[in-house]
There are 2 protein chains.
Amino acid sequence: MGRVKLQIKRIENTTNRQVTFSKRRNGLIKKAYELSVLCDVDVALIMFSPSGRLSLFSRNKSIEEILERYVNLPEHERGR
Amino acid sequence: MGRVKLQIKRIENTTNRQVTFSKRRNGLIKKAYELSVLCDVDVALIMFSPSGRLSLFSRNKSIEEILERYVNLPEHERGR
DNA sequence: CTTTCTATCTATAACCA
DNA sequence: TTGGTTATAGATAGAAA
């Protein structure tokens, strides 16, 4: 989307990569929020920015609670 | 988006909620994939469907590796 | 529970401030 | 960097299978 069709590959220009990260991270969090509300489900989102900084999303439950729910699944249900 | 503007609140009709989950889950995973490639970052996404089934996303590294990177952060960097 | 079609609503790339 | 603006590419609600 946007003025031009983007190829999905690493953005080499550092500034552009940072700007794109900031914008798309917000978009991704918004989508995760909407999904969690509309469908009333648990969603946990963990991201590390290009500089290594952490970004998180979860609603209702804490990230830790959701991770715990995941870790506590029987092993055969944990594969994708 | 779509034929009508949707209010962001729980979809009460079970069938519609399931259908919306299927569609938006795919959209969210696609966005997470694009962000991870474009910006070359780690993204981990954990979702539980309305029926309790697990959906995961991560690229390059396994979910476990990313969770580990998160858990190993100093506590003061783990808050949002 | 997944998927196709298509009219509409959204997200965002390139700019600009 | 850090946010707006705008033209377009992309996502998706509803209907139906």
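Chain letters run A, B, ... following the sequence lines, proteins first, then strands; residues in each count from 1.
Under the side chain to side chain donor-acceptor pair (under 3.5 Å) criterion, A:Glu64 pairs with B:Tyr70, sequence neighbours left out. Listed by chain and number, the residues in a side chain to side chain contact (heavy atoms under 4.5 Å, CB included) with B:Asn72 are B:Glu68 (sequence neighbours excluded). Under the rule for a side chain to side chain donor-acceptor pair (under 3.5 Å), the partners of B:Lys61 that lie at least two apart in sequence or sit in another chain are B:Asp42. Legend: residues meeting side chain to side chain donor-acceptor pair (under 3.5 Å) with B:Ser49, ordered by chain and number and at least two apart, are B:Ser51.
Protein chain B contacts DNA chain C over a range whose 5' and 3' limits, counting nucleotides with an atom under 4.0 angstrom from a non-hydrogen atom, are C:dC1 to C:dT12.
The heavy-atom pair separating B:Gly52 from A:Arg69 by the smallest distance is CA-NH2, 3.9 Å. Across all non-hydrogen atoms, the minimal contact from A:Val41 to B:Pro50 is CG1-N, 3.5 Å.
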Notebook entry, point to check: Given pairs defined as Watson-Crick or G-U wobble with both distances under 3.5 Å, what dot-bracket annotation applies to DNA chain C, with ( ) intrastrand, [ ] crossing, | other strand and . unpaired?
Noted result: .|||||||||||||||.
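Backbone-only engagement by B:Ser51 is indicated by non-hydrogen atom pairs under 4.0 Å involving sugar-phosphate atoms exclusively.
Follow the hydrophobic side-chain contacts under 4.5 Å out from A:Met1 and you never reach A:Val19; the two are in separate clusters.
Within the 4.5 Å cutoff, the side chain of B:Phe57 has no heavy atoms near those of the B:Leu28 side chain. The side-chain heavy atoms of A:Ile29 and A:Met47, taken from C-beta on, include a pair separated by under 4.5 Å.
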Using distance only, find each side-chain donor-acceptor pair of residues 32-39 of chain A under 3.5 Å and give its atom names and separation, not counting sequence neighbours.
residue: A:Glu34; atom: OE1; partner: B:Arg24; partner atom: NH1; Å: 3.0
residue: A:Ser36; atom: OG; partner: A:Tyr33; partner atom: O; Å: 2.8
residue: A:Ser36; atom: OG; partner: A:Arg59; partner atom: NE; Å: 2.7

Indicate every side-chain donor-acceptor pair of residues 4-11 of chain B with a distance under 3.5 Å to a residue at least two apart or in another chain.
residue: B:Arg10; atom: NE; partner: A:Asp40; partner atom: OD2; Å: 3.0
residue: B:Arg10; atom: NH1; partner: B:Glu12; partner atom: OE1; Å: 2.8

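For the contact set between residues 2-15 of chain B and DNA chain D, defined by any heavy atom under 4.0 Å, the members are B:Gly2, B:Arg3, B:Val4, B:Leu6. Heavy-atom distances under 4.0 Å link DNA chain C to A:Thr20, A:Lys23, A:Arg24, A:Gly27, A:Lys30, A:Lys31 of residues 20-39 of chain A, given in residue order.
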